[in-house]
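First up is the structure itself, then whatever we jot down about it.
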Amino acid sequence: MQFETIIEYHVPRINCKEDGIKTMDVPWTGKRSQFTLLFERFAIGVILHSATQKSAMDLLRLSWDEVHYIQEKSVQRGLKKKKK
């Protein structure tokens, strides 16, 4: 996590006559996410251990919207696990 890494991958897509354009799920990220699951987990740890959300944003070099998005996804995953 010391170096910024950009993963650029063209996810295979198909144009289904019934359902429209579909993309393949990839194992390193959630649907329509710009972050890997590993980075999201790391970011949650930083947010939890930071004195303020602003300091976490600065450390992670993320905007408020990006931090909020990661938090929301984390809560959704937690609630989904809790229901099981």
Side-chain angles (χ1 to χ4, degrees):
M1 301 295 176
Q2 296 173 353
F3 303 100
E4 179 178 10
T5 303
I6 298 172
I7 300 172
E8 188 171 320
Y9 179 78
H10 298 284
V11 179
R13 299 173 1 150
I14 61 166
N15 191 357
C16 176
K17 291 180 182 179
E18 296 173 5
D19 298 320
I21 296 175
K22 296 285 185 182
T23 58
M24 181 179 94
D25 291 334
V26 291
W28 60 83
T29 186
K31 290 186 178 185
R32 302 179 210 271
S33 178
Q34 63 183 8
F35 304 109
T36 64
L37 294 172
L38 184 59
F39 177 78
E40 287 184 9
R41 178 63 196 104
F42 173 76
I44 290 297
V46 171
I47 293 164
L48 288 173
H49 292 91
S50 294
T52 65
Q53 190 167 354
K54 174 74 171 114
S55 63
M57 290 167 43
D58 292 342
L59 283 169
L60 296 167
R61 297 183 193 163
L62 296 176
S63 70
W64 185 91
D65 289 330
E66 291 169 323
V67 168
H68 181 71
Y69 171 80
I70 289 171
Q71 288 175 315
E72 286 292 316
K73 285 189 60 178
S74 178
V75 169
Q76 290 171 4
R77 282 192 299 269
L79 290 173
K80 189 176 178 182
K81 284 183 182 179
K82 189 175 181 179
K83 289 181 183 179
K84 289 183 178 181

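This is a predicted model, so every value here is computed, not measured.
- Remark: I70 CD1 to Q34 CD distance equals 8.0 Å, nearest 0.5 Å.
- In this structure, CZ on F42 lies 6.0 Å from CG on L60, to the nearest 0.5 angstrom.
- Taking R77 as the reference, E40 meet the salt bridge (Lys or Arg N to Asp or Glu O under 4.0 Å) condition, with sequence neighbours excluded.
- Among residues two or more places apart in sequence or in another chain, the side chain to side chain contact (heavy atoms under 4.5 Å, CB included) test is passed with Q76 by none.
- The distance from atom CH2 of W64 to atom CD of Q71, rounded to the nearest 0.5 Å, is 8.0 Å.
- A search for side-chain hydrogen bond (donor to acceptor under 3.5 Å, both in side chains) contacts involving S55 returns T52, not counting sequence neighbours.
- Shown here are the side chain to side chain contact (heavy atoms under 4.5 Å, CB included) partners of D19, two or more places apart in sequence or in another chain: C16, K22.
- Taking I21 as the reference, R13, N15 meet the side chain to side chain contact (heavy atoms under 4.5 Å, CB included) condition, with sequence neighbours excluded.
- None of K73, E72, E66 except one satisfies the side-chain contact (heavy atoms from CB on, under 4.5 Å) rule with Y69; the exception is K73.
- In this structure, NE2 on H68 lies 11.0 Å from CD1 on I47, to the nearest 0.5 angstrom.
- Applying the salt bridge (Lys or Arg N to Asp or Glu O under 4.0 Å) test to pairs two or more places apart or on separate chains, those with a residue in residues 44-62 are K54-D58.
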